[in-house]
Amino acid sequence: MSRFTPKVVTANDLRIGDVIYLTADDRWSRHHHEAELIEDEAHAQLRLLHAAAQRNLVVGPYLADAKQGPNGPEPTHFREAFRTRGPSNYAHGKQVDFAHV
Amino acid sequence: MYDYSDFDEAFVRSRVAQFSDQVSRRLDGSLTEDEFRPLRLMNGLYLQLHAYMLRVAIPYGTLRPAQMRALAQIAQTYDKGYGHFTTRQNIQFNWPKLPDVPAILSDLADVQMHAIQTSGNCVRNVTADHFAGAAADEIEDPRPYAELLRQWSSDHPEFQFLPRKFKIAITGSPNDRAVTRAHDIGLRMLRNAAGEVGFEVMVGGGLGRTPMIAFVVREFLPVADLLPYVEAVLSVYNTLGRRDNKYKARIKITVHETGREEISRMIEERFTEMRPQFGGADQALLSDIRAAFAAPQFRVAPTDSFDAFYKADPVFRAWADTNLATHRNPDYAIVTISIKAHGQTPGDATSQQMRVMADLAERYGHSDLRISHEQNVILPHVHKSDLPQVHAALAQVGLATANVGLISDIIACPGMDYCALATARSIPVAQEIALRFQELKLEHDVGPLKIKISGCINACGHHHVGHIGILGLDRAGVENYQITLGGDGSQDASIGEKTGPGFAYDEIVPAIERIIRAYLEIRQSAEETFLQAYRRAGIAPFKAALYGADGAKDAA
Ligand code: SF4
């Protein structure tokens with residue numbers, strides 16, 4: 001049996017479209033490193049259901065691969081890495097909105 | 001220019017009101033995302049990687065100054081101060097917030113614009129030659145026909161749920177600047193032996209996963225038969241097109257699976273049925289529309305100031321040599337404003353730049369602006385004596401780059417910097433290629449060359465018809481770029497050929513440079529363009545340059 005790849009639950013904010021992550025204490029954070037790193041498949045499905053139920057807040061929740069890093073979960077795929085920052089052609093999106101954090 | 005009728009106005013306003021209500025119901029939770037998604041897409045609102053994106057139609061690429069200013073204002077008020085012009089002559093706003101979208105649509109309606117049918121399985125924005133009504137080689141302005149098609153296809157009850165999206169492009173010139181052969185229906189104006197004007201009708205072109213060049217289904221269609229014929233094509237497609245498999249649903253696959261002869265027969269048969277139902281109302285409408293597209297009152301004035309500037313100012317001369325095209329009035333020129341300054345995002349214009357272009361169009365350009373599928377802006381009618389002032393004003397806001405048709409005039413789709421469907425980035429690749437060739441000071445020496453970049457197989461960046469095409473893919477979790485060579489979007493359309501294995505993100509610019517150096521080495525003279533050299537010599541010298549003689553990747 002292949003080992004379960006850890007996941008985070010991510011989605012877009014309904015009102016502004018920004019990328020958000022589900023935290024262990026049931027908040028939606030703008031920061032990947034605050035996400036709950038889910039290491040168990042059954043728990044991942046439960047968390048995804050929990051996210052999907054919040055349909056007035058979030059759009060399109062899904063499970064994205066992640067790994068543990070020194071400051072919390074980190075993305076493993078480049079698409080998810082871009083989602084934590086914003087576009088590469090302008091200083092727009094999270095990379096500047098949260099530059100001070 | 002065409003003005004909305006009361007009917008158009010009422011229709012667009014009612015759609016704004018309807019969508020405003022839908023947005024409120026989504027925000028208060030009465031609508032789920034599953035319910036709301038098709039409704040927002042019908043109004044051009046996508047959810048992308050980092051934000052919503054609103055796609056606004058610019059019918060046949062034609063804008064007037066007030067419309068350009070409204071786009072500038074929307075970008076400034078609701079977005080991040082810029083807009084992105086696309087290969088389908090639309091503009092996209094990359095950062096609207098959902099609660100603001102009704103206000104944006106209402107602002108658009110104030111200037112007779114909307115975002116309807118910029119998504120979904122319907123007839124999309126009809127695109128046209130961006131030099132329409134101005135080009136010296138044109139038989140007739142194709143925009144009245146494009147407007148007729150727009151009115152006919154807008155909210156057409158039979159064609160709102162086609163098997164897949166449907167794109168029509170039209171040109172009035174034998175030299176195809178509208179990539180008609182890569183569209184579901186391509187219309188190219190020509191004259192028959194009797195000198196009458198009609199259309200060569202091409203069907204089943206398309207890029208994407210299965211690129212195909214359209215085939216000619218009717219060699220000469222009298223203009224009066226345009227609507228019934230197009231309706232016959234749509235009607236046959238609507239019946240035959242596959243709804244079971246999204247990847248096989250475009251008309252190009254229908255043509256392929258049904259066979260050209262059989263589908264031509266079915267179209268002609270359907271056309272014979274349809275023709276009598278068009279009792280002439282369409283022709284009456286067409287003649288009204290034609291009046292709205294009457295040519296401007298061209299100014300009669302000396303052009304010697306142009307000649308003097310051309311001689312005296314090398315910067316102006318370089319710009320004039322690359323960015324001007326021949327107007328049908330010898331005292332006028334068609335100005336292509338490059339939205340491709342080296343290192344900038346292809347197709348992105350700031351609010352300030354949009355306002356300057358609007359002002360210039362008003363002051364010097366008979367209040368006419370165009371958006372090209374190559375993501376540039378055109379002032380189609382500028383008197384030659386005004387060109388030095390136009391150039392100077394453009395230079396003030398970073399819009400005087402002299403690179404139209406050259407290696408840095410790159411088409412790039414938004415790619416993974418914005419697009420949720422992307423498999424790799426395309427914008428930074430375009431930026432880096434442009435900067436590299438600027439640094440090498442090679443681009444004028446290289447001459448006419450079209451590089452087109454897509455961030456996924458959907459091919460919004462038209463990479464298949466780029467002289468050099470670049471397709472960004474995700475190969476085992478890293479960005480990888482596949483190169484095609486020899487594509488062409490003109491009347492001699494062809495699909496580019498793959499060179500071989502792709503290149504990593506940091507290898508792609510050097511790979512393009514090796515291709516260009518190979519071209520410079522093999523060309524027979526400076527007049528032989530890249531495409532001509534490729535067609536003469538084939539892919540072998542370029543493969544050798546890319547991968548080394550033994551086919552292994554050459555790191556040099
Ligand atoms: S080609 Fe792909 S990545 Fe580029 S805009 Fe189209 S769908 Fe998005």
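Residue numbers begin at 1 in each chain, while the letters A, B, ... track the order of the sequences.
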Quick one: does any side-chain atom of [X] pair with a main-chain N or O of [Y] as donor and acceptor, under 3.5 Å?
X: B:Gln375; Y: B:Ser372; answer: no
X: B:Lys80; Y: A:Tyr90; answer: no
X: B:Tyr52; Y: A:Leu14; answer: yes
X: A:His31; Y: A:His33; answer: no
X: B:Ser106; Y: B:Pro102; answer: no
X: B:His50; Y: A:Gly17; answer: no

With a 4.5 Å cut-off on heavy-atom pairs, point out which of [options] contacts chain A the most.
options: B:Asp474, B:Val101, B:Thr423; answer: B:Asp474
options: B:Leu31, B:Leu27, B:Val23; answer: B:Leu27
options: B:Gln431, B:Gln48, B:Glu33, B:Arg425; answer: B:Arg425

Just checking, any donor-acceptor pair under 3.5 angstrom between side chains of [X] and [Y]?
X: B:Arg55; Y: B:Thr86; value: no
X: B:Tyr82; Y: B:Asn94; value: yes
X: A:Asp65; Y: A:Thr76; value: no

Checklist entry - Is B:Asp34 salt-bridged to A:Arg55, cutoff N-O under 4.0 Å? => result no
Next on the checklist: Looking at A:Lys7 and A:Glu41, is there a salt bridge between them, counting it only when a charged N and a carboxylate O are closer than 4.0 Å?
Outcome noted: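 Not counted as a salt bridge, because no side-chain N and carboxylate O are separated by less than 4.0 Å.
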Next on the checklist: Can you tell me which portion of B:Leu49 sits under 4.5 Å from chain A's heavy atoms? Options are side chain, backbone, both or neither.
Outcome noted: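 Both parts, backbone and side chain.
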Item to check | Residues in residues 410-421 of chain B near chain A [non-hydrogen atoms, under 4.5 Å] | outcome: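 Hits under 4.5 Å: B:Met416, B:Asp417, B:Tyr418, B:Ala420.
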Item to check | Residues of residues 339-356 of chain B contacting chain A, heavy-atom criterion under 4.5 Å, by residue number | outcome: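 Answer by number: B:Thr345, B:Asp348.
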Checklist entry - Should we count CZ of B:Arg37 as having more than 12 external heavy atoms under 6.0 Å? => result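 No, because the 6.0 Å sphere around CZ of B:Arg37 holds 12 heavy atoms or fewer from other groups.
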Next on the checklist: At a heavy-atom distance under 4.5 Å, which candidate from A:Gly93, A:Ser88, A:Gly60 has the highest pair count against chain B?
Outcome noted: A:Ser88
